[in-house]
Amino acid sequence: MYILLADSEGGKVTLTPLDARGEAQAETNLVDRTNLPEAVRDRESRNSPRWVWDRAQNWYPALLEAKVSVERCHDLALCRPILAGSELTLETDYPRDFVPIEEPLDTAPRGFFNPNQQSLFDDLDQASRKRGPESTELIAELRAQLEAVSQSKNPQRLQLLLAAESAGALIAAEMQHSGVPWRTDLHEKLLEETLGPRPDSSALGIQRPAKMEALLAELREKLGGNPFNPDSPQELMRALHRAGIEVKTTRSWELQQSKHPAIAPLLAYKKLSRLFSANGWSWLEQWVKDGRFRPEYVVGGVVSGRWASRGGGALQIPKQVRGAVHADPGYKLIVADAAQLEPRVLTALAQDSKMAEAAQDHDLYAGIAAQGFGGDRAKAKIALLGAMYGATTGESGRLMPQLARTYPQAVGLVEAAARAGERGEIVTTKLGRSCPPPSERWLQAQRSTTEQEQRWADNLARSRGRFTRNFVVQGTAAEWASCWLAELRRGLRARPGLGAELVFFLHDEVMVHSPESSVEQVNELIEGAANSAAELIFGKVPINFPVSIAVVDHYDQAK
DNA sequence: CAAGGTTGCGCG
DNA sequence: AAAGCGCGCAACCTTG
């Protein structure tokens, strides 16, 4: 059922078979680290166990490198904080003072297993790898986690959450391994067309690309000819004020309000500057190797359970450069995103039947608009987003009462989450992930006495209310997305002949790199996985979670 | 001069 | 401070 992997003496690894409660089942095997991939492959093919390890990130990249993949795992380090913080385990013995599971790697060179840098560290790999936790320690942790789930208020949901999270750990490693297909030549062409030729980095001084220099010259001239550094907000602000442009910040949206002739070149400069520094030539050199962008994903890196990423800005690939994300010859990129995921999640959470009617429409916002906003889609969208984010002023705030009248259930749910957060309580997603409790500082502020302090405390309370309001929706949406991803992976593994690979995931969007001949079948898997995810989390509910699928050659053709 | 904070902007 | 949630990163700027 389970096999636990742990470091042992002298470069050996223990494989410990365990039963469903984490009790040792058969004898422990000791294998040499170099023989581990073979051993894993063998056990995997025989009975497809659930692999247990301190963290997938410490084991799985090396297995993938050796062309060994596994179906299922239990990632102790990912599951621990979920259980320690969950409202559902409050009455269990699982310790709530969350201490992260020790990281066995030297953390100094970040992304140690990052394939982008592996060549630099190949020799150090074995030598500097500190031993991970002992198997006895890990077995005890597994038992404690399994017991916490079974004693919890809802074992099924927590079990699903932990399984989805662990599947996420596998998928993250696999996607990092495969990488996003990236055409360096197309990216360079874009850079050259937009910025001019690559500046010579061997020359001294600041090197701006030609088109940035040209815009800068124009900008300086229109601001009166004084030299200043446009990349310094302070200097830029002074230069603008000298020219009589009275702005409070140098943000683009605010600059846009002004009609001054300097504004156009300034905004253009900012745009180019962003491309140059965030996704320019040095980004390409650092992150794209052999036609693949291999970001490091941090599963559960966001409080709400969303993934984060480290290095390369993987979750912020600008629309501008998406043309460089390009399918290989004979392949397509299948880009699928869940349509209006968060409002649909809210509908299911609140079991708001009126909103469920609106959700019959593939375009939920259009459905809402038809029901209560005179067909004005933009208004409906602003109102709904405002409800989920906690808007109080502006157009969004004004639309709230109207929304609350039409959808008392849905609005009531987020309002209740907000009030709980303001009181300092924790709130919980559908599958049992709870938000962090308020900090000591926050609690202390709430006990303050003077009027001024109390105003600040109210401010903090409202701010926490907006956080908890959004947490239940964003967190449950993240759970839906994890299940979607895991179900899709399962489908793809069951049909290896398709030759399709998951290569990218972004909150509510997945990208599959698929041979052209497999596209139709992959699309079916994607839609099937979405239905499965909805049913796993919410059961049989009359709310659909449609996905929009684009089959393209390059990413900027999607949406 | 390294560490940490702020500004601004990219993404959902 | 673009009305309201969640992030990462580069560059500038301040602090120790």
Side-chain angles (χ1 to χ4, degrees), chain A residues 110 206 208 228-237 247-257 266-267 269-280 282-283 286-287 295-322 335 337-343 345-346 379 381-400 403 414-415 417-418 421 427 429 435-436 459 462-478 480-481 504-510 555 559:
Chain A
R110 196 183 51 177
I206 336 162
R208 289 194 183 88
F228 67 94
N229 176 8
D231 301 321
S232 159
Q234 290 180 355
E235 287 188 41
L236 176 59
M237 184 86 85
V247 283
K248 291 193 184 63
T249 74
T250 60
R251 286 162 148 74
S252 293
W253 74 264
E254 193 180 345
L255 295 169
Q256 269 161 20
Q257 315 298 312
L266 174 54
L267 292 175
Y269 175 88
K270 277 173 165 280
K271 193 81 188 152
L272 297 197
S273 168
R274 171 78 195 180
L275 174 64
F276 178 57
S277 67
N279 295 98
S282 39
W283 180 89
Q286 192 179 353
W287 293 104
E296 182 187 354
Y297 299 95
V298 186
V299 176
V302 179
V303 272
S304 63
R306 277 183 171 185
W307 292 16
S309 72
R310 199 154 38 207
L315 306 187
Q316 309 138 250
I317 300 170
K319 296 254 156 79
Q320 208 180 3
V321 305
R322 290 185 179 187
V335 183
D337 82 287
Q340 308 101 31
L341 178 56
E342 294 194 356
V345 162
L346 172 57
K379 249 189 187 174
K381 182 174 177 178
I382 285 173
L384 203 43
L385 289 174
M388 292 187 298
Y389 292 160
T392 51
T393 62
E395 191 188 4
S396 185
R398 283 195 300 279
L399 293 169
M400 278 292 281
L403 192 75
V414 286
E415 286 294 326
V427 297
T429 61
C435 73
N459 225 328
R462 277 193 298 273
S463 170
R464 186 160 194 282
R466 290 192 299 274
F467 166 63
T468 53
R469 168 196 295 267
N470 187 249
F471 181 92
V472 291
V473 178
Q474 188 185 115
T476 305
W480 184 93
F504 190 61
F505 171 57
L506 180 57
H507 307 319
D508 60 358
E509 176 180 323
V510 301
Y555 193 14
K559 230 192 325 195

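Sequence lines set the chain letters: A, B, ... in the order given, protein chains first and strands last, and positions in each chain run from 1. Values below: all heavy atoms of this structure, side chains included; hydrogens, waters and symmetry mates excluded.
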Can you check whether any acceptor in the base of C:dG8 is under 3.5 Å from a donor in the side chain of A:Arg310, or vice versa? no

Donor-acceptor pair (no angle test) under 3.5 Å: A:Gln316 side chain, C:dG8 base: yes

Given [N], is OP1 or OP2 found less than 4.0 Å from the side-chain N or O atoms of [X]?
| X | N | answer |
| --- | --- | --- |
| A:Gln474 | B:dG12 | no |
| A:Lys270 | B:dC9 | yes |
| A:Arg306 | B:dG12 | no |
| A:Ser252 | B:dC9 | yes |
| A:Lys271 | B:dC9 | no |
| A:Arg274 | B:dC9 | no |
| A:Asn279 | B:dG10 | no |
| A:Thr250 | B:dG8 | yes |

Pairwise P distance, B:dG5 and C:dA3 [rounded to whole Å]: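 C:dA3 and B:dG5 have their P atoms separated by 25 Å.
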
Which whole number of Å gives the distance between the P atom of C:dG4 and that of B:dG4?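 It works out to 30 Å between them.
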
Using the closest heavy atom to pick a nucleotide of DNA chain C for each, name whichever of A:Arg251 or A:Phe467 lands nearer the 5' end. A:Arg251

Please determine whether the number of non-hydrogen atoms from other residues, nucleotides or ligands lying under 6.0 Å from atom NZ of A:Lys270 exceeds 12. yes

Nearest to the [X] side chain among [options], which nucleotide is it?
| X | options | value |
| --- | --- | --- |
| A:Asn470 | C:dA10, C:dA3, C:dC5 | C:dC5 |
| A:Asp231 | C:dA11, B:dC11, C:dG4 | C:dA11 |
| A:His507 | B:dC9, B:dG12, C:dG8 | B:dG12 |
| A:Ser232 | C:dC13, C:dA1, C:dC5 | C:dC13 |
| A:Asn229 | B:dG10, C:dC12, C:dG6 | C:dC12 |

Counter-base of B:dG5, judged by Watson-Crick or G-U geometry with both distances under 3.5 Å: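 Its partner is C:dC12 (Watson-Crick or G-U wobble, both distances under 3.5 Å).
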
At 4.0 Å (heavy atoms only), tell me whether [X] reaches a base, stays on the sugar-phosphate, or touches nothing.
| X | result |
| --- | --- |
| A:Gln234 | sugar-phosphate |
| A:Lys248 | nothing |
| A:Val303 | sugar-phosphate |

A:Arg306 and A:Glu342 ion-paired at < 4.0 Å: yes

CD/A:Gln316 to OG/A:Ser309 distance, rounded to the nearest 0.5 angstrom? 6.0 Å

What class does the angle between the rings of A:Phe504 and A:Tyr555 fall in, given that below 30° is parallel, 30 to 60° is tilted and above 60° is perpendicular?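 Rings of A:Phe504 and A:Tyr555: perpendicular, over 60°.
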
